[in-house]
Every structure is written in C-alpha cells, then in structure tokens.
Number of protein chains: 2
Amino acid sequence: MTKRVTSFDVAKLAGVSRSVVSAVLNGTPGIGVSEEKREAVLKAIQELNYQVDAQARGMKTGRSHCIAAYGNVSNPMFLQVLEGMQGACAAHGYHVLLYPSSKEPQHTIDGLLDLYLQRRIDGIVALDRPHQANEAWIRQLVKHRLPYVSVEGYPHHEEVPSVLMDYQESIRRALDFLWGNVGLPPVYVEMHHGAHTLGWGDQQRREAYELWMKEHGLQPRIAAASADLSWEEGAEHWKRCIQEWGLPTAVLTNWSRGAVYVSRAAQMMGVPVGEQLHVMAADNTKRIHEYLYPSITSMEVPYREMGSAAAERLVEYIEGRRPYEDKSTQWLPAILAVRQSVATVSS
Amino acid sequence: MTKRVTSFDVAKLAGVSRSVVSAVLNGTPGIGVSEEKREAVLKAIQELNYQVDAQARGMKTGRSHCIAAYGNVSNPMFLQVLEGMQGACAAHGYHVLLYPSSKEPQHTIDGLLDLYLQRRIDGIVALDRPHQANEAWIRQLVKHRLPYVSVEGYPHHEEVPSVLMDYQESIRRALDFLWGNVGLPPVYVEMHHGAHTLGWGDQQRREAYELWMKEHGLQPRIAAASADLSWEEGAEHWKRCIQEWGLPTAVLTNWSRGAVYVSRAAQMMGVPVGEQLHVMAADNTKRIHEYLYPSITSMEVPYREMGSAAAERLVEYIEGRRPYEDKSTQWLPAILAVRQSVATVSS
DNA sequence: CTGTTAGCGCCTTCAG
DNA sequence: CTGAAGGCGCTAACAG
C-alpha cells in the first residue's frame, strides 16, 4: 500500500510552490512559469507517478468530467452508442457513467437529475427516450440547465437537442442502390407490431418509399405484415407474397427481421436469394449477418456515430462552446452495408 | 438556474447544526439524534431537494462509489455483464464507469490504474482479460491494493479473484438433458479458430464430454471443425458429417455457431431438426435465436449473473467485508434454455 | 445528545 | 514570477 501522492509532494520534490504545480498541470493562462521550473515539475510528476485527485479538483471546479449514458441495457444497439460516446469522451477527457433506464424505483428518471445535482455528472446522453409524458421532466432539465442530448428521440422538439438518422435519405439511398444494381421496381415490406402503429421513423421510411417510386414513375407496392406471427404462419404468408410479386423481384424491408423472413421463405421455395430475389433491409443486421446465408444487404443505423456525435455535442454544451439555447437537431446519414442478398453490378 | 443547496441550508431550515445533518444522512453509528430533529432534517432535505455533493463527500471519505467496468465494447456479451454489474451496484449505491479495452494510447490498461489513483473509481470488474503478459500489471494492482475482480478470466490464479462459469458442469447438464430427452448417444462438435488451439473453457468442455461418455459406457464421437471455412465448404463438411453419424442422432456443439451450421446443413438435406436430428449448443445463442428456425436449445453462459456476482464481490472488498487476501474463484452454473432444436419428453 | 472545529486536496486570488 | 491564504462542501473527532 503506497501512500497517496499529493501536489504538495510534487512541489517539494520540484522545489516550487503548489500553485506552480497547479499552473503547470492546468496550463493556466496568464500565469508564466519559467521553462526550467516547468520541466522540474513535470519530472517530479513522472517520478512520483502523481495523479490529480479527481474529487478534489471536481469540488473546486464544479465539474466531474463524467457524463451519463441513459439507456436500455438489454438493447444490443445501446452498446454501439456507448462505444461511440466512449470514443468522443475519451478525446475530451471525459468519462462515461452508465445509467440504465428501468422501472426499478431506485433507477427512475429522476435519479438522473439527482446525479447532476450531486455533481456526479456534467450532462446526459440519452438513447431511450423517456416517455411521452415526460414534458414535466424536460422542464426540470431546462430549469436546472442540465446539458442533455438525445439519440434517436424527439425530432423537432423545441427543448431537446437530438441526434438522429435521416430515415428518408436512408430509404432513398437504399432504393437507388437496389435500382442501380438489379433494375427492378422494389416492393416495400413494412413490418410492425400488433395494432398497426408505426413509429416516426417507419412513417418517414414509408413516405420516402412512396415518393421515390412516384419520382421514378413506378407503382408503389407495399406489403405490411405483423412481426408477431408464428413461424409457420409467417412462412405461409411470405411464400404467398413472393408468388404474388412474381420473379425476379427486388424487396426492401423496413426491419431486418422482415428481410430474414422473406429470404427464408424464398429458400424454402427453392428461389435463389441474391439472384432471382433480391432482398435488402433498411435497418441493422450487423449483429446477426454472420449467422445468415445469404447475409443481408442493408442500410445500417449509424449508432456508433450517433453516440459519438451526441457526446461531442454534449461536451460543447458543458464547456460553454455551444449556447445552451441551441436545441437544433442533427441528422446523420445511414451506412450502406453491401452483402450477399442483392446481386451487384461490378462497375 | 437554481443555486446549489448545501447541507448548511438544510441545517438552517431544520434548526440544527451541520453535523447533525451529516449524521442523519449517513446514519452514523454511535451518534444519537433525537427523533424530532431527525424528522426536521428529513423534511428540510425534502423541501429543498437537497442532494449531497458527491465530490465533496468523496474527497472526505476517499471513496468515489464508482467502479470501473473494463471490457470490449464491441462484444455484445459485455452488455449483459454490464447489466448484471449495474443491478448489483445500484443495490449498494455504486455507479458503473465504462472503461473500454482498446489499443488506443489514451485507453491503455494503465489508464485504469490511474483512474484509481485519481480516486475516480474504487475498484474494477474486468471482462476482458488483459494479456497474458500482464503479470507485471497484476503486481501493480496488488501493490496498490486495488480491488479487482475478473469475469471469465484467470481460473486458479493466485492473485486475481475471478467469477467463472462451471464449464464442466455445463456440459454434464447439457448431456444429461439430451440423453434424458432423446436417449441417443450425443456426438460432440468442437469448433475452433485457425490453428487448433482451444481455450481453457473449451478444453474443460471436451474433457467433461469424454468423461461423461465414459461414465455412461458410450463411445465418444468428436467432430472438430474450423470456424473459418467458407459457407460452401462448411455446408459440404456438415452434410458429410451428418451422413456419417447416421440418423436419428443427437449433437452437442461447443459454440452456438456450430449448432447453427449443423442445423442448416440438416435442413438442406431435408432432415427435420428437432425430430431426426437433435442439436444443442453449449454456448449462448440468446441474441440470435429469434432469427433462427428451429431455435437452438443451449446452455447459456450466465453473463448477467457473472457481472452481478463480480460487482457484489468487488463491493465486499471495497467496504472491507471481505479481506483483500481472499482471491478465491467463484463458479456459477450455466443456464439451460430449452428451445426447438431438441425434442423434449413432456414429463 | 449537540455544537464547534479541523482538515480532505485542489485551485485561485492576492500580496510580495 | 513566486509564496501565502482562503475556501469549495462535507465528515469525523472532540469538546461542551
């Protein structure tokens, strides 16, 4: 057990006063330190392996250099957001504190605000959007001027800056890709849960599809389907669809799961995917494509990039480089991942 | 922007001294506070929405109430460990700081030690095991008496307490399950990467398989296969294997991927999986089984539970409830997930 | 049982 | 350019 090394020890070894050590460490502007003293301090720091006490510093400065990542820990996509946040934070000397969204009393959304009030965090990046009802909570944020950036939530909200994927653009690019490579008018498969209520993103997607088809003088063909069918029901359903569509054909699905289902049905019918039937998803298949054959071409939601952008922006707020009043939404492009389920024209 | 509320404000409102506030907050033992004062303090805290300044407290106590989660942010399993850690930490008033393992200079393993020296964290739970070479680093840990618990690493290490799954037991239970339900001598499929070097866990699995077969008077049948084959090569390989094994048969694979391959090959041959061919994996399929048909029965590595156990234990070290010298290994049982790829005997 | 006091380690004046 | 001093908000030890 080595005893804690303080700035006092460093000062003593370097033969200077503690304020000089501090000045060297923080590069305090407007305070001159002679080059030799500076060297001496640095050397002493090295020698003693001195580390600034984060708590003491934080207490002084009022900053913890930590930001909270609020999200659903059982959602695999969250990990990608974390990865992005992490990168951006590290670059700015910040750390990421995990704060899961959950129903447990000890982890309500209020806890997040408390964390800020406790000065444990300097701001929040949220993946999970707190319920609609949380206008009240948002008012709290604003009241305390708590820096907050939302990932994939609240497009066009007055009070919450967000980072989102450009859904419409992603569909346009997907369709361009399909059209350019296989030259067939794409069918749009729209998966949904239970009562046919589409999320905002899926509405955008559909709209973009319809527009694109119109612009190309093509008749939109949309096949809606519940994601809650049993495997057997689903298989029947998709086989029927494929027959209706005729072959060859191109399919774009809103969710990757849809692409998997269609692809599977085609294989059961002996239709070669990537030759007679071209399938593409407008959502992430990243984590599963190694288990699939053929693997599915898709437009990936850039979760990592979104996390990174959100953290970057949060730090700007925290460090006052961006005014708190700037609540603009930031749009990121989707990422095209070319895989096996669509035949490609070699250029 | 509301001004910061301090214990001073609370004391004033409640009409007591600051030390009383502190005593109430921390339930300081051996210090009596009359019930009415106590109430008054609590009421004042409520009223002012007072939150203790974590940094000030930390500075005083020398504890940050944060622990670092060290691991590979692009490994989906890491998220489950985080989930477990999170739960255990929350229960003890700790927070989780993310610290990714990576090659970037700003995020070396040394940074973790620095974090501790900075008093930013009180201890570490590691999923990624720092390279073999890191005996030197481990000595550092011990020198500073840094609380450290490893998940899935260092079985039987002298200096590092670990939480691991009981691989042998998991295989025994898998075989019991297969045997009990389909009554066929299971073939063991052993996937590996490149040069045939098995990890410790896979060695344990194989050993357990051989032992179990012997105990049951059965002839072990092991099919080793590289995970690096192309899809076409793999498909051919597995079809041949299935023919060799004959039908009906039962198969246990060390990795879930093996189970997927065998299952796929069987389907291509028109062999009904879950009827003529029973497949089970000794590794997690959790994140993918909704994309598979039939879904794969498996013994899941209890990542969440391991994270939880590790954090729990770490807190014991931190709070001195477990002596730092106790470096014993903790074994957790695998979790049986019954799905479609094995026919089950209804009891 | 209560109130006072002395730091924790750092940063930031303010005089020298 | 340097040294001394004050205080951030809290806890713990010590008097009353």
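All chains are named by letter (A, B, ...) in the order of the sequence lines, taking the proteins before the strands, and each is independently numbered beginning at 1. Because only heavy atoms are used, hydrogens play no part in the values below, and waters and symmetry mates are left out as well, while side chains stay in.
Within a heavy-atom distance below 4.0 Å of DNA chain D, the residues of residues 49-62 of chain B found are Tyr50(B), Val52(B), Asp53(B), Ala56(B), Arg57(B), Lys60(B).
Arg119(B) comes within contact range of the sugar-phosphate backbone alone, with a heavy-atom separation under 4.0 Å but no base atom that close.
For Glu319(B) and Tyr94(B), the side-chain atoms include at least one donor-acceptor pair closer than 3.5 Å. A side-chain donor from one of Glu135(B) and His157(B) sits under 3.5 Å from a side-chain acceptor of the other. A donor-acceptor contact under 3.5 angstrom links the side chains of Ser64(B) and Asp122(B), judged on distance only.
Of all nucleotides listed (dC11(C), dG9(D), dG3(C)), dG3(C) comes nearest to the side chain of Val20(B). Here dC11(C) is the nucleotide among dC11(C), dC10(D), dG3(C) with the atom lying nearest to any side-chain atom of Ser22(A).
Between Trp331(A) and His156(A), the two ring planes are tilted [angle within 30° to 60°].
Remark: Arg313(B) engages Asp326(B) in a salt bridge, criterion side-chain N to carboxylate O under 4.0 Å.
Distance CZ (Arg18(A)) to C1' (dC11(C)): 10 Å, rounded to an integer number of Å. If you take NZ of Lys12(A) and C1' of dC10(C), they are 17 Å apart, rounded to a whole angstrom. Spacing between atom NE2 of His65(A) and atom P of dC11(C) amounts to 11 Å, rounded to whole angstrom units. To the nearest angstrom, P of dT2(C) lies 12 Å from CZ of Arg38(B). The distance from atom CG of Asp9(A) to atom C1' of dC10(C) is 13 Å, rounded to the nearest whole Å. We find that CG of Leu117(B) is positioned 13 Å from P of dG9(C), with the value rounded to whole Å. Across the protein-nucleic acid pair, Phe8(B) atom CZ and dG3(C) atom P stand 13 Å apart, rounded to whole Å.
You'll find the side chain of Asp53(B) reaches within 4.5 Å of the side chain of Arg4(B), heavy atoms only.
Interatomic distance, Ile318(B) CD1 to Leu314(B) CG, rounded to the nearest 0.5 Å: 4.0 Å.
Side-chain nitrogen and oxygen atoms of Ser7(B) include none within less than 4.0 Å of the OP1 or OP2 phosphate oxygen of dG9(D).
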